[in-house]
**Q** 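Once you've had a glance at the structure underneath, I'll fire off some questions.
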Amino acid sequence: MTPRVQVGGLSVAATLHNFVESEALPGTGIAPGAFWAGAEAIFADLAPRNCELLARRDELQNLMDDYHRATPGEPEPVAYKTFLQDIGYLVPEPDDFEISTSGADFEITDQAGPQLVVPLLNARFAINAANARWGSLYDAVYGTDVIPEHGELAREKLYNPLRGAEVIAFGRRLLDDSFPLRDGSHAEVTSYAIDADGLAATLDGR
């Protein structure tokens with residue numbers, strides 16, 4: 001059995017306890033006692049709700065299992081959607097709404113999030129790492145029906161360079177619509193830089 005350390009009402013694996021107190025907390029200004037007390041309070045607050053959610057998940061899974069046992073084969077879309085709505089798995093689409101960015105948490109506005117660590121020898125890996133925090137517009141467009149998914153632009157098991165080129169063209173058009181240049185198009189840009197006047201774009205052949 002894994003050795004454990006009793007801290008307040010928590011029974012903590014000794015390896016985790018040692019890591020927190022010897023490596024994670026030093027330099028943070030947080031005392032071990034305050035950390036463990038805070039963790040215990042969080043667990044006490046959220047554990048019951050987590051148990052409720054897990055029980056609800058099991059309930060939904062059992063209802064869906066029963067449905068598929070009673071109606072084997074490919075579900076009829078309309079009837080299946082109605083069933084999922086009746087059991088609460090699907091909920092009505094909400095009305096249009098707006099979200100304000102004021103008052104956002106520090107972790108969203110200023111603090112850097114987790115990043116992928118990848119070898120720079122693979123350019124795509126490096127791009128994915130840079131996009132790990134906020135996601136990639138290119139990946140989102142390539143992987144969805146924002147652009148056509150048939151013919152020469154179809155998604156395939158391997159990367160489709162024609163589809164990739166259309167994704168890049170889509171991105172350039174989006175930049176032209178949202179952030180037009182004083183002269184020319186983003187499709188002509190070969191590099192961007194920051195100078196004394198702000199963002200400077202170098203156009204192909206200019």
**Q** Which residues pass the salt bridge (Lys or Arg N to Asp or Glu O under 4.0 Å) test with D176, not counting sequence neighbours?
**A**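 Not a single residue meets the salt bridge (Lys or Arg N to Asp or Glu O under 4.0 Å) criterion with D176.
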
**Q** Is any side-chain heavy atom of V5 closer than 4.5 Å to a side-chain heavy atom of N18?
**A**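 Result no, sub-4.5 Å side-chain heavy-atom pair not found.
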
**Q** Please tabulate, for side-chain N and O atoms in residues 47-54, each donor-acceptor pair with protein atoms closer than 3.5 Å (sequence neighbours left out).
**A**
unit_1, atom_1, unit_2, atom_2, d
R49, NH1, E52, OE1, 3.1

**Q** Apply the hydrophobic cluster definition, ILVMFWY joined by side-chain contacts under 4.5 Å directly or through others, and give me every member besides L158.
**A**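 Cluster partners of L158: none, it stands alone.
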
**Q** Other than I87, what residues sit in its cluster of Ile, Leu, Val, Met, Phe, Trp and Tyr side chains whose heavy atoms are under 4.5 Å apart, directly or through others?
**A**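 Grouped by the 4.5 Å side-chain rule, L60, L63, M64, Y67, Y80, F83, L84, Y89, L90 form the rest of the cluster around I87.
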
**Q** The criterion is salt bridge (Lys or Arg N to Asp or Glu O under 4.0 Å); which residues satisfy it with R69, sequence neighbours excluded?
**A**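 Here the qualifying residues are D66.
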
**Q** Can you list the residues that meet the side-chain hydrogen bond (donor to acceptor under 3.5 Å, both in side chains) rule with E76, with sequence neighbours excluded?
**A**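 Residues passing side-chain hydrogen bond (donor to acceptor under 3.5 Å, both in side chains) with E76: none at all.
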
**Q** Who clusters with Y142? Use side-chain heavy atoms, under 4.5 angstrom, across I, L, V, M, F, W and Y, and order the result by chain and number.
**A**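 Taking Ile, Leu, Val, Met, Phe, Trp and Tyr as members, Y142 shares its hydrophobic cluster with L137, Y138, V141, V146, I147, Y159, V167, I168, F170, L174.
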
**Q** Quick one: OG on S185 to CG on D204, what's the gap to the nearest 0.5 Å?
**A**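 Between S185 OG and D204 CG, I get 11.5 Å after rounding to 0.5 Å.
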
**Q** Nearest 0.5 angstrom please: D58 CG to D65 CG, how far?
**A**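 One finds 10.0 Å between CG of D58 and CG of D65.
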
**Q** Check each of Q61, R56, R57 against E59 using the side-chain hydrogen bond (donor to acceptor under 3.5 Å, both in side chains) test, and report the only one that passes.
**A**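 Running side-chain hydrogen bond (donor to acceptor under 3.5 Å, both in side chains) over Q61, R56, R57 with E59 returns exactly one hit, R56.
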
**Q** For the pair E166 and R163, find out whether any cationic side-chain nitrogen is under 4.0 Å from an anionic carboxylate oxygen.
**A**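 Judged by the 4.0 Å cut-off on N to carboxylate O distance, E166 and R163 do not form a salt bridge.
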
**Q** Using the rule given for side-chain contact (heavy atoms from CB on, under 4.5 Å), can you reason through V12 versus R4, listing the C-alpha separation, both sets of side-chain angles and the distance that settles it, and then say yes or no?
**A** CA-CA 5 Å; V12 184; R4 308 190 78 82; 5.8 Å; no

**Q** Taking ring pair (Phe, Tyr, Trp, His ring centres under 6.0 Å) as the cut-off, I'd like each qualifying pair that reaches into residues 44-64, sequence neighbours left out, listed once.
**A**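 The answer is none; no pair qualifies.
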
**Q** With rounding to the nearest 0.5 angstrom, report the CD1 to CG distance, I194 to L199.
**A**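 Reported to 0.5 Å precision, the distance equals 5.0 Å.
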
**Q** What pairs with D86 under side-chain hydrogen bond (donor to acceptor under 3.5 Å, both in side chains), at least two apart in sequence or on another chain?
**A**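 side-chain hydrogen bond (donor to acceptor under 3.5 Å, both in side chains) list for D86, sorted by chain: empty.
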
**Q** Distance from H17 atom NE2 to E21 atom CD, nearest 0.5 Å?
**A**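 One gets 3.5 Å once the value is rounded to the nearest 0.5 Å.
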
**Q** Taking all atoms of both residues into account, what is the closest heavy-atom pair of G184 and L203, and its distance?
**A**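 That would be CA-CD1, 4.1 Å.
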
**Q** Any idea which heavy atoms bring P26 and S22 closest together, and the distance?
**A**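 Reported closest heavy-atom pair: CG-O, 3.4 Å.
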
**Q** With a cut-off of 6.0 Å (strictly less than), are more than 12 heavy atoms of other residues, nucleotides or ligands near OH of Y192?
**A**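 More than 12 heavy atoms, drawn from other residues, nucleotides or ligands, come within 6.0 Å of this atom.
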
**Q** Look at the side chain of H68 and the backbone N and O of E74, then say whether any donor-acceptor pair between them is shorter than 3.5 Å.
**A**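 Side chain of H68 to backbone of E74: no pair is present.
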
**Q** Listing request: all salt bridge (Lys or Arg N to Asp or Glu O under 4.0 Å) pairs with a residue in residues 150-162, at least two apart in sequence or in separate chains.
**A**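 Residue pairs with at least one partner in residues 150-162: E149-R155.
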
**Q** Run the side chain to side chain contact (heavy atoms under 4.5 Å, CB included) test against L25 and tell me which residues pass, sequence neighbours left out.
**A**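 By the side chain to side chain contact (heavy atoms under 4.5 Å, CB included) rule, L25 matches V20, T28, I30, P32, F35.
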
**Q** Treating E40 as the side-chain partner and G9 as the backbone partner, does any N or O pair qualify as donor plus acceptor under 3.5 Å?
**A**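 Checking the backbone N and O of G9 against the side chain of E40, a donor-acceptor pair under 3.5 Å is found.
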
**Q** Run the side chain to side chain contact (heavy atoms under 4.5 Å, CB included) test against A154 and tell me which residues pass, sequence neighbours left out.
**A**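 If we apply the side chain to side chain contact (heavy atoms under 4.5 Å, CB included) test to A154, skipping adjacent residues, there are no hits.
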
**Q** Indicate yes or no for a side-chain donor-acceptor contact from T190 to the backbone of T202 under 3.5 Å, with no hydrogens or angles considered.
**A**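 Such a contact is found between T190 side chain and T202 backbone.
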
